[in-house]
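These notes are about the structure you will find just below.
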There are 2 protein chains.
Amino acid sequence: MTGRTVRAEQVSATRELILTAAERLFAERGVNAVSNRQVSEAAGQGNNTAVGYHFGTKADLVRAIVRKHTVRIEEIRARLLAGIGDSPGVRDWADCLVRPMPEHLGRLGGPTWFARFCAQVTTDPALHQIMMEESLASPSLRQCIDGLNRCLPDLPPEVRAERGEMARHLIVHMPAERERALAEGRPTSRSNWDDAATGLADAIIGLWLAPVTPGR
Amino acid sequence: MTGRTVRAEQVSATRELILTAAERLFAERGVNAVSNRQVSEAAGQGNNTAVGYHFGTKADLVRAIVRKHTVRIEEIRARLLAGIGDSPGVRDWADCLVRPMPEHLGRLGGPTWFARFCAQVTTDPALHQIMMEESLASPSLRQCIDGLNRCLPDLPPEVRAERGEMARHLIVHMPAERERALAEGRPTSRSNWDDAATGLADAIIGLWLAPVTPGR
DNA sequence: CTTAAGGTAAGTCAAGCGCCTGACTTAAAG
DNA sequence: CTTTAAGTCAGGCGCTTGACTTACCTTAAG
């Protein structure tokens, strides 16, 4: 049996072409600088409404691209979580937060666009919420955040929230920065995604453990 | 004498209207989501080519908005630099890097848009370079970076570059995040821009002083 | 084999865009 | 006072965009 779907395979192939083309264009030029037509053409679709037909609005397309990667990233995070010992420290939780994205990019291999895509979507006022929803929908991610917070009981809640936001920004934007450097042929401070993740984790841990200047 | 310029005042008033309207729209919706026409209309100009007439391309308009604020920010940084003692430490240099933007926003008072504007421009692939040029053109900024690097002789050069990039992202995006929270009426972790700057400096210093995991 | 369904191609449409042109208004120069 | 130059306004032109319509073609079901 060839599956019951010769047709369905072609459809999902077309969807995949559109997702890939859109991810690349959005990453390189910004979401709002690319029209649905351009995405359709870049995907090799003569029909200029292919995006609308398969995905609906541009926001729906963005969500679909995010979900396509989220599965793999979740798997990586689940594996890292499973590898944590009995008395996890800040480093353990930080790794679970930081490493999934860089490791995912490394596994994709070759040139990638997803990190820059995420940076673009996260910064866009109209799409920011989509990214937040898709991210926070992950129970394993919340588990990491909770675990980390339990490791930092001395940190005032507001400062914890503040530094969590900082870490979130770095986790999104630093891989994007490295990805861009690779795309443009510029030198990078780390030779592979794994080392880049280590450098990022080092810095974020330092950020979380930094002494707090008392308010006046 | 009313100056020799009744006319010139009106012109610069129009330019100011356009700059203010554009800064606000770009900050709220993203640069690429706003047309020059919309900017002209928001500035109360019946002519739909007002932006083109006064500023040229959209990139030129963005540059003009940046420069309008850069003057004040430079003044603040110069004052902070002048207040540094004989043996400056990491905290001194970090303050000179971190505080100018939040203090500038505080002085503007009321609702502001410049931080979000900077975040949008910095993230836009087509405009990123403009922001870098305008920023690095400041000798006082370079002085801060050099001073800081002299305080961190033990940090490998690549790690120093890496963490400098992280600090840059936080300095741009964290004020933007606070500004957005204020605009949307959400609670903020700090009650004023000065305290926000302190929290940011604390974290960035921790980031710079964090131990470096040795490469394998 | 026939038929219905669904995906793709191709063309059309109104709306909005940047850009250009020309007319009007007004401050400053001769 | 006349002339000049500059800022503003009003509108048209060509192009792109998202949305819609139609025709064709392949597949899976009857």
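Letters A, B, ... mirror the listed sequences (proteins, then strands); counts begin at 1.
- Taking each heavy atom of Leu207(A) and Arg163(A) in turn, the nearest pair found is O-NH1, 3.2 Å.
- Of all the heavy atoms in Phe26(A) and Gln120(A), the pair that sits closest is O-CG, 3.6 Å.
- Nucleic acid contact class of Thr49(A) (heavy atoms, under 4.0 Å, all strands): base.
- Residue Asn47(A) is classed as a base contact, given a heavy-atom separation below 4.0 Å to a base.
- Counting only heavy atoms from C-beta on, Gln45(B) has its side chain closest to dC9(D) among dC9(D), dC20(C), dT8(C).
- If you take CG of Asn32(B) and P of dG18(C), they are 11 Å apart, rounded to a whole angstrom.
- Nucleotide dG12(D) holds its C1' atom 11 Å from the CG atom of Asn48(B), rounded to whole Å.
- As rounded to whole Å, 15 Å separates atom C1' of dC19(C) from atom CG of Asp60(B).
- Phosphate proximity of dG7(D) to Tyr53(B): present, with a side-chain N or O under 4.0 Å from OP1 or OP2.
- Straight-line distance from the CZ atom of Phe55(B) to the C1' atom of dT8(D): 15 Å, rounded to whole Å.
- A donor-acceptor pair is defined here as one N or O able to donate and one able to accept, closer than 3.5 Å; such a pair exists between the side chain of Lys58(B) and the backbone of Val34(B).
- Note: CD (Glu41(B)) to P (dG16(C)) measures 10 Å, nearest angstrom.
- At a cut-off of 3.5 Å, with distance as the only test, a side-chain donor of Asp60(A) or Thr57(A) sits close to an acceptor on the other residue.
- With dG11(D), dG11(C), dG18(D) as the candidates, the nucleotide lying closest to the side chain of Ser35(A) is dG18(D).
- Between Asn36(A) and Gly44(B), the one whose closest nucleotide on DNA chain D sits nearer the 5' end is Gly44(B).
- More than 12 non-hydrogen atoms from other residues, nucleotides or ligands lie less than 6.0 angstrom from CD of Glu133(A).
- Applying the 4.0 Å criterion to OP1 and OP2 of dT17(D), one finds that Gln38(A) has a side-chain N or O inside that range.
- For Arg37(B) against dG16(C), a side-chain-to-base donor-acceptor contact under 3.5 Å is absent.
- Residue His54(A) contributes atom NE2, which lies 13 Å from atom P of dG6(C) at whole-angstrom precision.
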